[in-house]
Asker: 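Before I ask anything, let me first share the structure, which is written out below as structure tokens.
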Amino acid sequence: MAQNEGDLRILQLLSQSFPNIAAASSEIINLEAILNLPKGTEHFMADIHGEYEAFLHILKNASGNIKRKVKELYSSELPPDEIRELCTLIYYPEQKLEIIKNSLNDDANQPSSLDSFYSTTLQRLIRVCQSVSSKYTRSKVRKALPTEFAYIIEELLHESPSDDDKQAYFSRIIETIVQTGRADAFITALATVIQRLAVDQLHILGDIFDRGPGAHIIMDRLCQHHNFDIQWGNHDALWMGAAAGNDCCIANVLRLSLRYGNMQTLEDGYGINLVPLATFAMETYASDPCDLFGPRLDKDDTTHNEKTRRLIAQMHKAISIIQFKLEAQMILRRPEWQMQDRLVLQYIDKQRGLYVKDGVEYEMKDSFFPTLDPAHPYELTTEEAELVHQLHHSFRVSDKLQKHVKCLFTHGCMYAIYNGNLLFHASVPLNADGTLKEVDLNGQRYSGRELLHQIGMTMRSAFNADTPREEKQFAKDYFWYLWCGQDSPLFDKDRMATFERYFLRDKGTHEERKGYYYLLRDNAEVCDRILDAFGVEGKHRHIINGHVPVRVAGGESPIKADGRLMVIDGGLSKAYHDTTGIAGYTLVFHSRGFELIQHEPFESADDAIRRGTDIVSSKQIVELSGRRLRVRDTDKGRSILLQIKELQQLLYAYRHGILKERIRQ
């Protein structure tokens with residue numbers, strides 16, 4: 001086993017951690033053991049769109065993975081209602097414990113009922129925890145344990161109450177936990193560990209933001225998650241652009257939030273001051289009913305009275321007109337993006353209430369434009385310019401928004417490859433024949449993997465202090481192109497017809513033609529070409545993405561291209577439920593294969609806690625492995641095999657005197 005200079009340098013570095021034959025040998029034994037553990041469970045979610053209650057519930061129940069484990073353990077021992085109660089306790093331990101304790105009426109006359117509940121529940125939870133931890137090393141499980149109870153939980157996980165010699169030891173630990181008044185805290189700790197160990201890695205395939213009320217709550221939870229990655233979506237890019245100070249992105253973020261009556265994320269989440277916009281809108285559109293701009297709310301909404309709805313409508317219209325002006329200024333500044341067809345305000349005939357383009361007259365649904373100067377349609381009024389300045393400042397100084405964007409960069413990218421699966425949010429630009437399309441990015445042309453990589457680098461450069469001024473300005477501008485540019489892999493349509501949908505009666509003007517990726521993605525050969533271009537290997541390889549809701553109600557399948565492509569946007573957002581007929585897909589990839597989970601609409605966390613209701617979900621087996629997958633079969637396994645090879649070289653170097661062993665003091 002010859003050693004060149006480069007290899008020797010690597011071995012010298014490795015010897016710092018493994019200074020002798022005994023240390024290196026022990027690590028090889030440890031790594032070989034890890035290779036034979038079952039593959040960890042991967043959990044895929046997409047297009048959350050601010051629906052934080054549904055997201056958090058799916059995260060807590062691991063798309064039904066925890067319930068599956070509980071049923072495997074207790075289906076022959078416990079009735080369905082007790083299994084349901086145990087699962088709910090795992091999902092919401094603190095809230096459920098309060099309800100259970102109240103129901104037991106634990107008073108002086110019934111001192112043992114609560115103790116009995118604690119004892120039984122702790123034993124059941126320990127058994128569940130043993131099950132979900134069985135595919136991990138003790139070291140990894142130890143790292144997942146809360147510091148306060150780490151030693152006790154570790155002892156309980158590796159002891160069996162059925163062993164006569166350990167029965168008294170095990171039982172006494174449980175009794176002492178109850179007697180010392182620590183049962184509630186211990187149950188909560190166990191539930192948290194079960195939730196954490198049920199899924200090894202969480203993949204978010206984009207679009208955390210917009211529509212729903214709690215994107216900031218989702219981001220708070222993700223930033224604390226032990227192991228997740230995100231492939232940025234178009235709505236994420238829009239908020240990232242707003243945080244970077246792109247005024248077009250800021251206007252779009254505000255417009256979408258007002259369109260869905262969602263100010264919680266803006267105001268409560270990120271402290272964005274909407275008072276200047278409200279004041280401007282009330283003054284400018286005081287005589288305008290703004291009927292076309294009323295918020296899209298749930299049918300049973302009771303939180304918005306008529307006065308609030310009218311104010312939202314006024315604000316919605318005000319920011320929309322500002323958005324069209326700002327976008328026109330961007331288009332004129334970036335002619336290379338070839339978006340001149342989006343210069344729309346110049347075709348408005350205010351006097352006749354018509355939209356006149358290329359000699360064709362279109363009837364308008366609304367022709368009240370008090371801030372529009374026909375001679376200079378894309379100039380902001382003095383009041384609009386001041387408002388934009390105030391909003392810009394509010395987004396830029398939001399510490400929490402900047403923190404969340406930093407988290408997106410730390411854990412995210414435009415695409416990722418894990419265990420033979422190519423993950424991205426929306427599309428890869430294609431030509432009509434299914435070949436990869438070359439796209440211009442700041443004067444350079446890229447396609448496929450390199451295109452997505454360079455876009456990701458451009459996005460990062462907008463936030464880097466050492467980026468040259470002109471390059472940084474382009475990067476900031478580019479966030480808006482990602483939102484609505486024809487060749488953006490996060491959009492991939494010929495145009496975004498926002499103005500036409502708002503103002504023109506002719507629905508023929510509303511059409512947005514999808515790019516070739518969406519027309520060809522059901523073709524197995526095209527999917528194979530994309531997978532090859534990204535260097536994805538393996539007999540069972542897939543593309544997994546979201547972005548376009550699967551119209552299940554219309555008979556559309558989320559499985560495409562002979563199983564090569566899986567689309568997991570089934571409409572988690574309430575705004576899509578009528579369109580899709582369901583409330584989202586999630587995907588689980590465990591040691592036995594892939595399971596696609598179809599979810600029905602989620603009622604509420606409070607309903608789940610009080611009545612034990614869960615998201616009604618149905619499983620579709622996408623692909624089962626002929627044998628149980630091990631760590632050896634994963635990307636991590638391949639990395640471990642390389643480590644073992646290097647350690648074997650280190651052993652050789654020690655045994656042949658190439659390197660000297662050191663004895664640790």
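Quantities reported herein were computed from a predicted structural model and do not represent experimental measurements.
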Asker: So, K400 and D220, do they make that salt bridge, N to O below 4.0 Å?
Answerer: yes

Asker: For residues H392 and I250, report the shortest heavy-atom separation together with the two atoms involved.
Answerer: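 Of all heavy-atom pairs spanning H392 and I250, the closest is CA-CD1, 3.8 Å.
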
Asker: May I ask you to check whether D477 and Q473 show a side-chain donor-acceptor distance below 3.5 Å?
Answerer: yes

Asker: Do the ring planes of Y355 and Y362 sit parallel (below 30°), tilted (30 to 60°) or perpendicular (above 60°)?
Answerer: tilted

Asker: Please state whether the rings of F368 and Y285 are parallel, tilted or perpendicular, taking 30° and 60° as the class boundaries.
Answerer: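 It falls in the perpendicular class, over 60°.
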
Asker: Where the side chain of H225 meets the backbone of N227, is there a donor-acceptor pair that is under 3.5 Å apart?
Answerer: yes

Asker: On the 0 to 90° scale, with breaks at 30° and 60°, tag the F534-Y415 ring pair as parallel, tilted or perpendicular.
Answerer: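 Plane angle over 60°, so perpendicular.
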
Asker: Taking S447 for the side chain and E438 for the main chain, is one N or O donor matched with an acceptor at less than 3.5 Å?
Answerer: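 Pair absent, no side-chain N/O of S447 close to backbone of E438.
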
Asker: Can a donor-acceptor pair be found between the side chains of N273 and Q390 at a distance below 3.5 Å?
Answerer: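 Side chains of N273 and Q390: no pair found under 3.5 Å.
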
Asker: Any luck finding a side-chain donor-acceptor pair between S63 and T586 under 3.5 Å?
Answerer: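 On atom types as modelled, these side chains qualify, holding a pair under 3.5 Å.
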
Asker: Output, in order, the C-alpha distance, side-chain angles, deciding distance and verdict of salt bridge (Lys or Arg N to Asp or Glu O under 4.0 Å) for K357 and E500.
Answerer: CA-CA 12 Å; K357 185 176 182 180; E500 289 83 352; 5.8 Å; no

Asker: Determine yes or no for a side-chain-to-main-chain donor-acceptor pair under 3.5 angstrom, with N464 supplying the side chain and T467 the backbone.
Answerer: no

Asker: Can a donor-acceptor pair be found between the side chains of H304 and D301 at a distance below 3.5 Å?
Answerer: yes

Asker: Can any side-chain N or O of K350 pair as donor or acceptor with the backbone N or O of L372 at less than 3.5 Å?
Answerer: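 Yes, the answer is positive, given that a donor and an acceptor are paired below the 3.5 Å cut-off.
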
Asker: Please check: side-chain N/O of D358 versus main-chain N/O of V360, any donor-acceptor pairing under 3.5 Å?
Answerer: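 Here the side-chain-to-backbone pair does not exist.
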
Asker: Does one side chain, of D506 or T509, offer a donor that lies under 3.5 Å from an acceptor on the other?
Answerer: no

Asker: Spell out, as yes or no, whether a donor-acceptor pair under 3.5 Å connects the side chain of R505 to the backbone of E363.
Answerer: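 Checked: no pair found.
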
Asker: Salt bridge check: are R352 and E361 linked by an N-O gap of less than 4.0 Å?
Answerer: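 The answer is yes: the pair qualifies as a salt bridge.
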
Asker: Kindly say whether C249 contributes a backbone atom to a donor-acceptor pair with the side chain of N246 at under 3.5 angstrom?
Answerer: yes

Asker: Minimum heavy-atom separation for L345 to Y378, with atom names?
Answerer: N-OH, 3.3 Å

Asker: Please confirm whether the backbone N or O of R445 pairs with a side-chain atom of D440, one donor and one acceptor, at under 3.5 Å?
Answerer: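 Side chain of D440 to backbone of R445, a donor-acceptor pair under 3.5 Å: no, none is there.
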
Asker: Students often mix this up, so state it plainly: with edges at 30° and 60°, are the rings of F293 and F503 parallel, tilted or perpendicular?
Answerer: tilted

Asker: So, D207 and H425: side-chain donor and acceptor under 3.5 Å apart, yes or no?
Answerer: yes

Asker: Could you grab the distance from atom CG of L258 to atom CE of M263, nearest 0.5 Å is fine?
Answerer: 6.0 Å

Asker: Quick check on the 6.0 Å ring-centre criterion: do W232 and F409 meet it?
Answerer: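 So the answer is yes for these two rings.
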
Asker: Do K317 and Y502 form a cation-pi contact, if we require the NZ or CZ to be under 6.0 Å from the six-membered ring centre and within 45 degrees of the ring's axis?
Answerer: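 No.
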
Asker: Can you tell me if D47 uses its side chain to pair, donor with acceptor, with the backbone of H49 under 3.5 Å?
Answerer: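 Such a contact is absent between D47 side chain and H49 backbone.
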
Asker: Measuring from atom CG of L297 to atom CD1 of I312, what distance do you get when rounded to the nearest 0.5 angstrom?
Answerer: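 L297 atom CG to I312 atom CD1 measures 6.5 Å (nearest 0.5 Å).
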
Asker: Quiz question: by atom type and distance under 3.5 Å, do the side chains of Y517 and N545 form a donor-acceptor pair?
Answerer: yes

Asker: Given F499, which partner from the list F369, F324, Y347 fulfils the ring pair (Phe, Tyr, Trp, His ring centres under 6.0 Å) test?
Answerer: F324

Asker: Say whether, by atom type as modelled, one donor and one acceptor occur between the side chain of K325 and the main chain of E379 under 3.5 angstrom.
Answerer: yes

Asker: Please report whether the ring centroid of H216 lies less than 6.0 Å from that of H404.
Answerer: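 No; H216 has its ring centre 6.0 Å or more from that of H404.
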
Asker: Within the 3.5 Å criterion, strictly below it, is a donor on H203 or D229 matched to an acceptor on the partner's side chain?
Answerer: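 Judged by distance alone, the side chains do pair up.
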
Asker: Please output the side-chain donor-acceptor pairs of residues 275-284 that fall under 3.5 Å, not counting sequence neighbours, one pair per line with the distance.
Answerer:
from: T279; atom 1: OG1; to: V275; atom 2: O; distance (Å): 2.9
from: T284; atom 1: OG1; to: F280; atom 2: O; distance (Å): 2.8

Asker: Just do the ring pair (Phe, Tyr, Trp, His ring centres under 6.0 Å) check on Y481 and Y478 with the steps written out, would you?
Answerer: CA-CA 5 Å; Y481 184 85; Y478 196 71; 5.5 Å; yes

Asker: Can you check whether F491 reaches Q486 side chain to side chain, under 4.5 Å on heavy atoms?
Answerer: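 F491 vs Q486: side chains apart.
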
Asker: Could you give me the CA-CA distance, side-chain angles and deciding distance for K476 and E471, then say whether salt bridge (Lys or Arg N to Asp or Glu O under 4.0 Å) is met?
Answerer: CA-CA 9 Å; K476 289 181 180 180; E471 185 180 333; over 6 Å; no

Asker: Give the ring-plane orientation class for W239 versus Y270, where under 30° counts as parallel, over 60° as perpendicular and anything between as tilted.
Answerer: tilted

Asker: Is it true that E511 and R495 make a salt bridge, defined as a side-chain N closer than 4.0 Å to a carboxylate O?
Answerer: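 No.
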
